[in-house]
Amino acid sequence: YKSSPPYFFPEERPVETFRTSGTSGTNTGTVAYTARGLELMNLSILANARRHILADLSEPIIIRLVPSKRGAPSMVMAYGMELIAEELGNPALSACVLTSAGFDRRLLQTRLDAAIVEQRPVVLIGGTLGIVNLCDALGRDGLSWELPAGSCIVDAGGFKGRSKAVPVDAMREQAKRIFDVD
């Protein structure tokens, strides 16, 4: 994004543009995708999600700790996670729980409780900071769940200088206490 962004199929006009947040350095950048370039990226995102995140799961409940695509239209992480949820997650129960006002705790609790009742695995996915902030808030309130077998937490990115760093082992231990996920 920051030096020479990919631009596939230059004979076509771009249909989607993503921007960096600028949190991992001083430079910001953009990358534009043509329709075919976006299709290629989508295929890559879905293939990698099937292989590395979902493995043998069938329509898990995908809980996103990033803004929705509508709420952050130029954020590639929001775009990709929503694509994964729409294409591979349970359509009725998957959700974005991050709003402009913070985490929607009621929605999160409703979806996690439904997962337990249905014994449907949960894929909780977001950036490191989102996972840490969510675990801190839920831990302060003494909330926890025993998520169904196959559930996982996917850490999709670092702190990017936005808060004090938490050692990965401490973050994993806190997430295990709250969600009972190894």
Side-chain angles (χ1 to χ4, degrees), residues 15-16 18 33 35 37-158 168 171-182:
V15 296
E16 191 86 51
F18 298 107
Y33 283 86
L38 197 61
E39 181 182 356
L40 182 62
M41 182 176 77
N42 291 351
L43 291 170
S44 175
I45 289 169
L46 293 172
N48 279 291
R50 281 185 189 101
R51 182 174 181 197
H52 298 290
I53 298 172
L54 303 177
D56 297 324
L57 301 179
S58 176
E59 290 193 350
I61 298 171
I62 299 178
I63 305 290
R64 301 181 324 272
L65 305 177
V66 297
S68 67
K69 187 170 64 173
R70 185 173 183 222
S74 65
M75 182 183 195
V76 73
M77 187 183 284
Y79 176 90
M81 289 183 190
E82 194 159 312
L83 176 69
I84 292 167
E86 288 174 351
E87 295 292 324
L88 306 175
N90 179 282
L93 296 172
S94 294
C96 171
V97 298
L98 185 65
T99 69
S100 59
F103 292 109
D104 183 336
R105 292 243 204 117
R106 186 179 329 202
L107 179 59
L108 175 68
Q109 288 177 277
T110 301
R111 299 307 162 94
L112 295 179
D113 291 345
I116 292 166
V117 168
E118 291 191 18
Q119 283 300 293
R120 183 175 294 278
V122 172
V123 175
L124 189 71
I125 186 169
T128 308
L129 184 60
I131 294 168
V132 168
N133 287 341
L134 180 65
C135 287
D136 284 348
L138 296 174
R140 277 192 305 273
D141 292 343
L143 295 172
S144 65
W145 293 263
E146 285 184 38
L147 295 182
S151 295
C152 65
I153 298 173
V154 179
D155 179 358
V168 69
M171 181 181 78
R172 288 178 179 159
E173 184 56 38
Q174 185 180 32
K176 181 171 177 42
R177 279 193 308 272
I178 293 170
F179 300 107
D180 194 31
V181 171
D182 288 328

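Quantities reported herein were computed from a predicted structural model and do not represent experimental measurements.
Of all heavy-atom pairs between S68 and A78, the closest is O-CB, 3.9 Å. Between A149 and P121, the shortest heavy-atom distance links the atoms O-CG, 3.4 Å. Shown here for P148 and S151, the closest heavy-atom pair between the two residues is O-OG, 2.7 Å. I131 and D155 make their closest contact through CD1-CA, 3.7 Å (heavy atoms, listed as atom of the first residue, atom of the second, distance).
A heavy-atom distance below 4.5 Å is not found between the side chains of Y33 and L40. In this structure the side chain of K176 never reaches within 4.5 angstrom of the side chain of I153, judged on heavy atoms.
Residues passing the side chain to side chain donor-acceptor pair (under 3.5 Å) test with D136, sequence neighbours excluded: Q174. E39 is linked by a side-chain contact (heavy atoms from CB on, under 4.5 Å) to L43, counting only residues two or more places apart in sequence or in another chain.
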Can you give me every donor-acceptor pair (side chain of residues 98-119, partner residue at least two apart or in another chain, under 3.5 Å) with its distance?
unit_1, atom_1, unit_2, atom_2, d
T99, OG1, A101, N, 3.1
T99, OG1, G102, N, 3.4
T99, OG1, G102, O, 2.9
D104, OD1, R106, N, 3.4
D104, OD1, L107, N, 3.0
R105, NH1, D141, OD2, 2.3
R105, NH2, A137, O, 3.4
R105, NH2, D141, OD2, 2.8
T110, OG1, R106, O, 2.8
R111, NH1, L93, O, 2.9
R111, NH1, S94, O, 3.3
D113, OD1, W145, NE1, 2.9
E118, OE1, R120, NE, 3.4
Q119, NE2, I116, O, 2.8

Less than 3.5 Å apart, which donor and acceptor atoms pair up between the side chains of residues 51-66 and the rest of the protein, not counting sequence neighbours?
unit_1, atom_1, unit_2, atom_2, d
R64, NH2, E82, OE1, 3.4

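The stretch residues 66-91 participates, sequence neighbours left out, in these ring-ring contact (aromatic ring centres under 6.0 Å, His included) pairs: F18-Y79. Among residues at least two apart or in separate chains, there is no ring-ring contact (aromatic ring centres under 6.0 Å, His included) pair with a member in residues 108-143.
One distance of note links CD1 of I178 with SG of C135; it measures 4.0 Å at 0.5 Å rounding. Note that CG of L46 and CG of L88 are 5.0 Å apart. Values are rounded to the nearest 0.5 Å.
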Stepwise side chain to side chain contact (heavy atoms under 4.5 Å, CB included) check, L143 with F179: CA-CA 9 Å; L143 295 172; F179 300 107; over 6 Å; no
